[in-house]
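Each remark here refers to the structure printed beneath this line.
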Amino acid sequence: MNNIILKKIDESNFVDAFNLKLGQGQEKFVSNPIRSLAQAYVYYSQCTPFGVYCGDEMVGYVMVIYDYDLEEYNIWHMMIDEKHQNKGYGRMTIQKCLEYISTKPFGNSNKVVLTCNVDNIAALGLYKSFGFEETGSVDDDEAELALFITT
């Protein structure tokens, strides 16, 4: 399996992000990259959208955002294209996000938060394997999970 890298989404690759596809029934688990990139544009001073690359091919998408009010990082809208799922790319993407967050690009926090649809058993298992724990906060069908990283 090839390693993946994260590349910032910019004018050279945003169309590739738009072309990513979710598997059947996964629409309820994650926002479309077009919506996510609109959010990244609005929150540009605290957000970095990344394409997930295997070689020269974008195989997924993820955003890292910093909440200045709560002083915590959030991993937002991670998705792996349906053709590339079940290859370990999600695991590598989380690892790369945590490495990026450990550089403290927006603020000096060790808290990383994400939300996950309670029905997305595969994603919940992935996040918990990194040490993310449910906080008990649930909004609609989204459970909040948190992790404190050591740097």
Side-chain angles (χ1 to χ4, degrees), residues 1-41 43-44 46-67 72-135 141-151:
M1 175 173 31
N2 295 325
N3 281 333
I4 60 102
I5 61 169
L6 302 182
K7 292 183 186 176
K8 289 183 182 180
I9 300 285
D10 60 22
E11 65 279 356
S12 70
N13 60 1
F14 75 94
V15 173
D16 293 335
F18 291 174
N19 290 326
L20 295 171
K21 302 284 185 247
L22 292 167
Q24 187 172 358
Q26 293 179 327
E27 314 78 33
K28 66 181 179 180
F29 296 151
V30 68
S31 293
N32 183 292
I34 294 172
R35 180 173 183 255
S36 298
L37 282 173
Q39 288 176 312
Y41 178 80
Y43 296 109
Y44 69 92
Q46 66 197 79
C47 180
T48 306
F50 290 107
V52 178
Y53 281 83
C54 180
D56 292 332
E57 183 179 6
M58 186 183 293
V59 298
Y61 174 83
V62 67
M63 289 172 32
V64 172
I65 189 166
Y66 186 73
D67 186 324
E72 63 189 25
Y73 285 91
N74 289 266
I75 297 175
W76 259 13
H77 306 301
M78 185 179 86
M79 70 166 293
I80 302 298
D81 185 88
E82 64 179 344
K83 299 186 307 265
H84 299 285
Q85 293 178 7
N86 302 309
K87 297 180 181 178
Y89 295 149
R91 173 168 299 285
M92 287 187 277
T93 298
I94 294 295
Q95 183 62 46
K96 295 290 184 181
C97 285
L98 294 174
E99 289 171 10
Y100 173 71
I101 290 168
S102 71
T103 69
K104 312 279 196 250
F106 295 105
N108 191 26
S109 175
N110 290 324
K111 186 175 183 182
V112 183
V113 176
L114 52 80
T115 60
C116 183
N117 186 292
V118 295
D119 295 329
N120 194 344
I121 304 304
L124 283 170
L126 171 65
Y127 302 142
K128 288 179 179 180
S129 75
F130 277 94
F132 281 91
E133 295 180 359
E134 292 185 46
T135 65
D141 292 337
E142 297 280 319
E144 181 183 76
L145 293 91
L147 171 73
F148 288 90
I149 56 173
T150 55
T151 54

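The structure displayed is predicted, hence computed values, not measured ones.
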Looking at side-chain heavy atoms only, is the closest gap between [X] and [Y] below 4.5 Å?
| X | Y | answer |
| --- | --- | --- |
| Pro105 | Tyr100 | yes |
| Val52 | Leu6 | yes |
| Lys21 | Lys83 | no |
| Thr93 | Ile75 | no |
| Tyr73 | Cys97 | no |
| Met58 | Ile9 | yes |
| Leu98 | Leu147 | yes |
| Arg91 | Ser129 | yes |

Just verifying a value: how many Å separate [X] [atom1] and [Y] [atom2], rounded to the nearest 0.5 Å?
| X | Y | atom1 | atom2 | result |
| --- | --- | --- | --- | --- |
| Met79 | Ser36 | CE | OG | 8.5 Å |
| Leu124 | Asp119 | CG | CG | 9.0 Å |
| Asn120 | Thr115 | CG | OG1 | 10.5 Å |
| Phe50 | Lys96 | CZ | NZ | 11.5 Å |
| Tyr89 | Met78 | OH | CE | 13.5 Å |
| Cys47 | Asp67 | SG | CG | 12.0 Å |

Evaluation steps, side-chain contact (heavy atoms from CB on, under 4.5 Å), between Met63 and Tyr43: CA-CA 11 Å; Met63 289 172 32; Tyr43 296 109; over 6 Å; no

Aromatic ring pairing Tyr66/Phe106, orientation class (parallel under 30°, perpendicular over 60°, tilted between): parallel

Parallel, tilted or perpendicular: ring planes of Phe132 versus Tyr127, cut at 30 and 60 degrees: perpendicular

Residues that Glu144 engages under salt bridge (Lys or Arg N to Asp or Glu O under 4.0 Å), provided they are two or more places apart: none

Smallest separation among heavy atoms of [X] and [Y], with atom names:
| X | Y | answer |
| --- | --- | --- |
| Ala146 | Thr135 | CB-CG2, 3.7 Å |
| Cys116 | Leu145 | CB-CD1, 4.1 Å |
| Glu72 | Ser109 | CA-OG, 3.7 Å |

Asn86, CG atom: more than 12 neighbouring heavy atoms under 6.0 Å: no

Atom CD of Gln95 with >12 non-hydrogen neighbours under 6.0 angstrom: yes

Pairwise salt bridge (Lys or Arg N to Asp or Glu O under 4.0 Å) hits with a residue in residues 5-14, at least two apart: none

Set of residues satisfying ring-ring contact (aromatic ring centres under 6.0 Å, His included) with respect to Phe18, sequence neighbours excluded: Phe14

Passing option when Tyr61 is tested against Asp81, Ile80, Leu20 for side chain to side chain contact (heavy atoms under 4.5 Å, CB included): Leu20

